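Side chains are part of it too, since the values below use all heavy atoms of this structure and drop only hydrogens, waters and symmetry mates. Keep in mind the model is a prediction, meaning the values are calculated, not measured.
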Amino acid sequence: MLEPPYLSGGAATFLAQQRFAALTARDSAGQLWVSPLSGPPGFLQASGEHLRIATAPRIGDPLHALRPMQPVGMIAINFNARRRLRVNGTLVAAGGDELVVHADQAYGNCPQYIHRHAVDDQRLRATPTHTPTFDSSLSRDAQALISTSDTFFLGTIHPTRGADASHRGGPPGFVRIESPTTLWWPDYPGNNMFNSFGNLAVDNAAALLFIDFTSGMSLHLSGSAQVIWTDPGAEGDDGGVGRLVTFALDAAVEVNP
């Protein structure tokens with residue numbers, strides 16, 4: 001972990017080559033969300049402690065028209081090379097199609113559980129064909145996407161240490177739908193940093209992002225999450241680590257290009 005980070009050298013080169021990132025932040029009402037950011041290589045430009053992002057959440061996205069001067073967490077990921085880099089800090093500027101993040105932390109993660117996906121940045125930036133609406137439960141389309149997904153992004157936040165965006169991967173359907181308002185998923189052995197779980201221990205606000213990489217549809221969920229400890233190898237403990245996560249939905253938004 002680099003703190004304070006200087007986004008130069010390999011980190012800057014990696015960021016400049018990417019087409020996809022996910023961003024955790026709060027909307028104008030204070031609700032936590034995770035949103036996709038996508039563009040051609042070069043849309044992420046790092047220099048020193050600042051990261052310039054030459055795009056913003058699209059129209060209809062719950063984080064469209066982001067307010068600046070708030071903590072944000074971002075993860076840039078290369079699905080084919082199975083590499084990822086997290087940058088956490090403060091959104092110091094937001095306007096038009098540019099965001100600027102002052103980085104407080106930057107660090108890479110291992111390639112575990114990253115599945116290969118083709119990123120179509122034009123579809124992920126496309127204006128939705130219908131105005132997205134906020135729902136209090138999962139639609140059939142949302143449930144179908146979740147039940148076949150092998151990838152999602154988890155957003156969490158800490159009252160003093162800022163926001164975080166992390167990647168979660170597993171076999172298709174590893175996220176279980178308990179009801180139209182309740183999900184759960186098993187945890188797997190990872191890098192033992194426990195960034196997300198540490199945040200959830202202090203603040204249970206959580207956001208999930210699922211993506212249909214073929215159509216460019218994004219499913220945004222906001223609610224609360226809790227880590228459940230079990231005996232290692234107990235039913236549902238697919239990773240054998242003795243823990244799983246439950247998620248209670250407050251609001252869902254589907255953005256369809």
Side-chain angles (χ1 to χ4, degrees), residues 20-38 57-66 70-75 77 113 115 117 124 128 130-158 163-170 172-187 195-197 199-200 203-228 236 244-257:
F20 179 88
L23 182 79
T24 298
R26 294 190 185 275
D27 64 15
S28 58
Q31 195 156 14
L32 196 70
W33 300 95
V34 184
S35 295
L37 299 173
S38 191
R58 59 186 168 182
I59 294 173
D61 188 295
L63 292 181
H64 181 66
L66 265 172
Q70 65 162 309
V72 295
M74 192 199 80
I75 182 168
I77 188 165
Y113 317 115
H115 299 280
H117 290 284
L124 286 171
H130 301 286
T131 302
T133 58
F134 288 70
D135 295 314
S136 58
S137 62
L138 297 171
S139 70
R140 290 185 178 179
D141 287 345
Q143 293 185 50
L145 176 59
I146 294 169
S147 65
T148 57
S149 289
D150 60 16
T151 298
F152 76 93
F153 295 88
L154 171 64
T156 58
I157 196 163
H158 187 280
D164 182 74
S166 66
H167 161 273
R168 291 291 187 272
F174 77 105
V175 179
R176 276 74 153 188
I177 301 171
E178 192 75 20
S179 76
T181 59
T182 309
L183 308 174
W184 68 270
W185 64 90
D187 194 34
N195 304 68
S196 300
F197 286 1
N199 287 350
L200 291 174
D203 187 332
N204 67 357
L208 278 58
L209 170 66
F210 294 86
I211 296 174
D212 183 331
F213 288 95
T214 300
S215 69
M217 178 263 206
S218 56
L219 171 64
H220 308 252
L221 309 180
S222 184
S224 58
Q226 181 180 3
V227 180
I228 304 297
L244 54 87
V245 185
T246 62
F247 176 82
L249 178 70
D250 289 333
V253 179
E254 299 173 39
V255 183
N256 288 284

How close do [X] and [Y] get, counting heavy atoms only, and between which atoms?
X	Y	value
Ser166	Ser196	OG-OG, 3.1 Å
Phe134	Pro62	CZ-CB, 4.3 Å
Asp250	Gly223	OD2-CA, 3.4 Å
Pro186	Gly236	CB-O, 3.4 Å
Pro132	Val255	CG-CG2, 4.2 Å
Ala252	Leu221	CB-CD2, 3.6 Å

Hey, does the side chain of His158 reach the backbone of Asp203 with a donor-acceptor pair shorter than 3.5 angstrom?
no
Is Asp212 reaching over with its side chain to a backbone N or O of Thr214, donor-acceptor style, under 3.5 angstrom?
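Yes, Asp212 side chain to Thr214 backbone: donor-acceptor pair under 3.5 Å.
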Rounded to the nearest 0.5 Å, how far does [atom2] of [Y] lie from [atom1] of [X]?
X	Y	atom1	atom2	answer
Leu209	Thr151	CG	OG1	10.5 Å
Ser218	Leu124	OG	CG	7.5 Å
Asp164	Thr156	CG	OG1	4.5 Å
Trp184	Asp187	CH2	CG	12.0 Å
Gln143	Thr148	CD	OG1	12.0 Å
Met217	Asn256	CE	CG	5.0 Å

Using 30° and 60° as the class limits, which term best fits the ring planes of Trp185 and Phe152: parallel, tilted or perpendicular?
perpendicular
Just so I know, are the side chains of [X] and [Y] near enough to count as touching, which here means a heavy-atom distance under 4.5 Å?
X	Y	value
Arg26	Ser222	no
Leu154	Val245	no
Leu37	Pro57	yes
Ser35	Arg58	no
Val175	Ile177	no
Ile211	Pro36	yes
Ile146	Leu208	no
Thr24	Leu32	yes

Stepwise ring-ring contact (aromatic ring centres under 6.0 Å, His included) test for Tyr113 and Phe174
CA-CA 12 Å; Tyr113 317 115; Phe174 77 105; 8.9 Å; no
Given Leu23 and Leu66, is the side chain to side chain contact (heavy atoms under 4.5 Å, CB included) satisfied, shown in steps?
CA-CA 11 Å; Leu23 182 79; Leu66 265 172; 3.5 Å; yes
